[in-house]
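Below, read A as the first sequence line, B as the second, and so on, with proteins coming before strands; counting in each chain starts at 1.
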Amino acid sequence: MNVASFFSGAYEKLAFYLGFPFVRYALIAGVLIALCSSLLGVTLVLKRFSFIGDGLSHVAFGAMAIAAVLKMTNNMPLILAVTILCAVLLLRTGQRAKIKGDAAVAMISVGALAIGYLLMNVFPTSGNVSGDVCTTLFGSTSILTLKLSDVIVCGVLSVVVVTVFVVFYNRIFSVTFDEDFARATGTRASLYNLLIAVTVAVVIVLAMNLVGSLLISALVIFPALSAMRVYKSFRAVTVCSAVVSVSCALVGILVSIFAGTPVGSTIVAVDIAVFGAFWLVGLLKKG
Amino acid sequence: MAYLTCRDLALGYDGRELISGIDFEVDPGDYLVVVGENGSGKSTLMKTILGLLPPVRGAIARGDGLLKNEIGYLPQQTTIQKDFPASVREIVLSGTQNRGGFRPFYSREDKKTADENIEKMGISHLAKRCYRELSGGQQQRVLLARALCATRKLLLLDEPVAGLDPMVTAEMYALIESLNRDDGVTIIMISHDIAAAIKYADHILHIGERVFFGTKAEYLASENYMRIAKAGDIE
Ligand SMILES: Nc1ncnc2c1ncn2[C@@H]1O[C@H](COP(=O)(O)OP(=O)(O)OP(=O)(O)O)[C@@H](O)[C@H]1O
Ligand SMILES: [Mg+2]
């Protein structure tokens, strides 16, 4: 098979798959979530909250367990409220915290997971406890089974997140770079920390249902770290990380469709490969 | 009225008193140097003046049209992380953020102010460089330029020459002196360098078991100074 016929074959296959709505939905939702999490990712990584995605999704899992025990029919408000509260508590303390960021995230994460799992075992509601746990890790609905309504929620959310990020970009920079200076010269640092925390919590809760907490954590961490290998200014890192994140999500979803691999892990694998490449470029640039 | 008036101020953390009986004032155009041993509470005083920490007792009154966010400052140890990606210009520009109401983006005037201060600090050639790859002295200049973007009235400098070599230290002192003399910027500087304090300051605040505040001439005649002089390192 020569190269030209390989590409035309691939193109036909792609066109064929894009004919299915679920493939289009997956691509759109995947790209939007990748964009939002990479924008927040730069700040979170720099504030030493890389693992907050993981921690908050465990919190959401704990809240889900409580909602199940209370036999609540609509558990979303409770999950969101609890997760936002934890995000605020974690990020608010910021630089002056007695327990530092990573340790606080680890505590809340492990604690919520344990309590949630305990509740689910003591008051079994669904009979498939390990299935439920697996769901929070890898996403309850696979990204390939999204409905139009999921995609719309995703779209609205992304518009809100991107707008907040663009409008407050300069404040987010100064609060992340030097909170004391920002505060001393009249920036309402706690307000912006609150804003970041609430946005992070909302993105994580909604995205967790769609793609799972494993992928969310990866989407927060990898693009930001890759961009930081090569670029040295905040703006360049932010733009690069958004581009990297979106491209990796696109490539990952397409590869997973062609090769039949699990979507989330495929995207993460692409992110890892790109990180490796950027790391090399960073080394070459320095040397 | 003075820019800052502190009356019977007590400082500390979480309501626990660290030092008390601090009385001083800072008038427009002053050059005040704060001296004292390690751990005596100099940085704590600075954080309290900046409103980052509440006073345990007493109050700091602002006057002469000095607004709360018109105090620029240079932190002692930069808590800024080693791997933070930020260019010099991004950092200096961030100092202009609170001049006037909320604007999401920098105006042309903000950018002009930033470029002027970058030039004033003699770091124009570094404007595009990454902050974390600069030397200590260059980093101090960047942060000084940022502080100048925030205000032209009052600057608080916490040990601005710590860790700098003698040449760069002299340059830094000259820069601060010209800000004070030529641009009328009021300076409050924390320093362990008593010789330099005596050379440049017009007022001195000595924090310790016995708090002293007065003009340079009064300080040279004070017991606080005698004790240090006796300790041997100054003639
Ligand atoms: N966040 C904090 N919480 C409680 N105590 C603190 C805190 N920061 C500093 N201290 C204590 O307050 C005292 C004064 O500290 P401060 O940093 O003001 O000293 P300093 O005069 O600036 O010393 P140096 O010359 O070493 O910079 C010290 O004993 C220190 O242990
Ligand atoms: Mg100090």
State, yes or no, whether a side-chain contact exists between [X] and [Y] at a heavy-atom distance under 4.5 Å.
{"X": "A:Arg183", "Y": "B:Leu50", "value": "no"}
{"X": "B:Ser94", "Y": "A:Asn170", "value": "no"}
{"X": "B:Phe102", "Y": "A:Arg188", "value": "no"}

Problem - Verdict with supporting geometry, B:Arg146 and A:Phe177, side chain to side chain contact (heavy atoms under 4.5 Å, CB included) - result: CA-CA 12 Å; B:Arg146 174 182 69 166; A:Phe177 180 69; 3.8 Å; yes

Fill in the blank from the handout: Cut-off 4.5 Å, heavy atoms of chain A, and the answer for B:Ala150 is side chain

Handout entry: Contact class of B:Leu67 relative to chain A, heavy atoms under 4.5 angstrom
Key = neither

Handout entry: Distance, nearest 0.5 Å, that separates OH of B:Tyr73 from CG of A:Asp178
Key = 5.5 Å

If you compare all heavy atoms of [X] against all heavy atoms of [Y], which two are closest, and at what distance to 0.1 Å?
{"X": "B:Asn98", "Y": "A:Thr185", "answer": "ND2-O, 3.0 Å"}
{"X": "A:Val237", "Y": "B:Pro85", "answer": "CG2-CB, 3.6 Å"}
{"X": "A:Phe181", "Y": "B:Gly95", "answer": "CE2-CA, 4.2 Å"}

Is the number of heavy atoms from other residues, nucleotides or ligands within 6.0 Å of [atom1] ([X]) greater than 12?
{"X": "B:Glu116", "atom1": "CD", "result": "yes"}
{"X": "B:Glu17", "atom1": "CD", "result": "yes"}
{"X": "A:Arg235", "atom1": "CZ", "result": "no"}

Problem - Test item: B:Glu90 side-chain N/O and A:Ser233 main-chain N/O as donor-acceptor pair under 3.5 Å - result: no

Handout entry: B:Gln97 side-chain N/O to A:Ser174 backbone N/O, donor-acceptor pair under 3.5 Å
Key = no

Handout entry: Residue A:Val42 versus chain B: region with a heavy atom under 4.5 Å
Key = neither

Fill in the blank from the handout: Bottom line for A:Val167: the part with an atom under 4.5 Å from chain B's heavy atoms is both

Quick one: which of [options] has the most heavy-atom pairs under 4.5 Å with chain A, could you say?
{"options": "B:Arg103, B:Arg89, B:Lys128, B:Arg129", "answer": "B:Arg103"}
{"options": "B:Leu156, B:Ile91, B:Thr151, B:Ile71", "answer": "B:Ile91"}
{"options": "B:Ser87, B:Gly72, B:Cys130", "answer": "B:Cys130"}

Problem - Ion pair B:Lys47/A:Asp180, N-O distance below 4.0 Å - result: no

Handout entry: Salt-bridge contact B:Glu133-A:Lys232 (side-chain N to carboxylate O under 4.0 Å)
Key = yes

Fill in the blank from the handout: From the list A:Phe234, A:Tyr231, A:Phe168, A:Tyr169, the residue making the most non-hydrogen contacts under 4.5 Å with chain B is A:Phe234

